[in-house]
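Model, not experiment: these values are computed from the prediction.
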Amino acid sequence: IKQYQQALAKEPENAGLHAGIARQYVKSDQIEKSQKHIDKAIELDTCQKDVLLDVVFPLVKKKDYETAKSLVRRYLELAADEPAAMRAFGTFYLAKLEKMSGDLNADTTLGQARQIDPDLWMTMKAPPAMIFEPLE
């Protein structure tokens, strides 16, 4: 974190640095501090929206499913015009989080992921989100 802070002092408009420090803050359980850097990274470069998904896993490890789901939903809003594969993966990720948190919408969300990009679902079958509990 200290190295990122030093780098940001020199380059305060560097989106990648903001995304990087946000990831570190989440890993060190300083979620409140991460949020302003997530926002800044995305403000500077919307391609940095992937940081929203990157910080989900540490939140899941802490069983902070609601925060994790809100970040994935925000990612999906930002990825609305992106390729179907990206939207399908984000929606699949959301279904996994819903399942883990006991949300009854998980199966519906999984169906939406499959509808968004049926080809991705058939070819990928094991996206990185599979590190969590099996959905089916």
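In the hydrophobic clustering of this structure, Val51 does not group with Leu44; members are Ile, Leu, Val, Met, Phe, Trp, Tyr whose side-chain heavy atoms approach within less than 4.5 Å, directly or through other members. Leu59 and Ile21 end up in different hydrophobic clusters when Ile, Leu, Val, Met, Phe, Trp and Tyr side chains are linked at under 4.5 Å. Residues Leu78 and Met86 share a single hydrophobic cluster, defined by chaining ILVMFWY side chains whose heavy atoms lie under 4.5 Å apart.
A donor-acceptor pair shorter than 3.5 Å can be found between the side chains of Glu98 and Thr109.
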Subject >> Check against salt bridge (charged side-chain N to carboxylate O under 4.0 Å, His left out), Lys49 and Asp54 >> reply: CA-CA 9 Å; Lys49 67 185 163 296; Asp54 293 343; over 6 Å; no

**OP:** Might you work through the side-chain contact (heavy atoms from CB on, under 4.5 Å) test for Tyr75 and Leu94, ending with a clear yes or no?
**Re:** CA-CA 10 Å; Tyr75 169 85; Leu94 182 59; over 6 Å; no

**OP:** For Lys69 and Asp103, run side-chain contact (heavy atoms from CB on, under 4.5 Å): C-alpha distance rounded to whole Å, both residues' side-chain angles, the deciding distance at 0.1 Å, then the answer.
**Re:** CA-CA 11 Å; Lys69 288 191 289 188; Asp103 189 325; 3.6 Å; yes

Subject >> Stepwise side-chain contact (heavy atoms from CB on, under 4.5 Å) check, Val56 with Val72 >> reply: CA-CA 8 Å; Val56 168; Val72 175; 3.7 Å; yes

Subject >> Intermediate values then yes/no, side-chain contact (heavy atoms from CB on, under 4.5 Å), Lys10 and Leu17 >> reply: CA-CA 11 Å; Lys10 294 176 186 175; Leu17 289 174; over 6 Å; no

**OP:** Report the C-alpha separation of Asp64 and Thr67 in whole Å, then their side-chain angles, then the decisive distance to 0.1 Å, and conclude whether the side chain to side chain donor-acceptor pair (under 3.5 Å) test is met.
**Re:** CA-CA 6 Å; Asp64 187 353; Thr67 302; 2.8 Å; yes

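Rounded to the nearest 0.5 angstrom, Asn105 CG and Gln112 CD are separated by 8.5 Å. The distance from the CD atom of Glu13 to the CG atom of Asp45 is 12.0 Å, given to the nearest 0.5 Å. With values rounded to the nearest 0.5 angstrom, Arg23 atom CZ is found 13.0 Å from His18 atom NE2.
Here the closest non-hydrogen pair linking Ser34 and Ala22 is CB-O, 3.4 Å. Across every non-hydrogen atom of Gln48 and Ala15, the tightest pair is CG-CB, 3.8 Å. Closest of all the heavy-atom pairs between Ile116 and Pro118 is C-CD, 3.9 Å. Of all heavy-atom pairs spanning Tyr93 and Phe57, the tightest one is OH-N, 4.3 Å. Among all heavy-atom pairs drawn from Thr91 and Ala113, the shortest one is CG2-N, 3.7 Å. The shortest heavy-atom contact between Ser28 and Ile1 is OG-CD1, 3.5 Å.
Residues Leu53 and Phe89 form a side-chain contact, since some pair of their non-hydrogen atoms from C-beta on lies under 4.5 Å apart. Counting heavy atoms from C-beta outward, Asp117 and Arg87 have side chains that stay 4.5 Å or more apart.
Here the side chain of Thr46 pairs no donor or acceptor atom with the backbone of Ile42 at under 3.5 angstrom.
Legend: residues meeting ring-ring contact (aromatic ring centres under 6.0 Å, His included) with Tyr25, ordered by chain and number and at least two apart, are His37.
Of the charged side-chain nitrogens involved, at least one lies within less than 4.0 Å of a carboxylate oxygen, so that Lys40 and Glu43 count as a salt-bridged pair.
Under a cut-off of 6.0 angstrom, the local environment of NZ in Lys36 is sparse, with at most 12 non-hydrogen atoms contributed by other residues, nucleotides or ligands. In this structure, Gln5 places its CD atom where more than 12 heavy-atom neighbours from other residues, nucleotides or ligands lie under 6.0 Å away.
Remark: of the listed residues Val26, Leu71, Val55, Leu71 is the sole one forming a side-chain contact (heavy atoms from CB on, under 4.5 Å) with Gln35.
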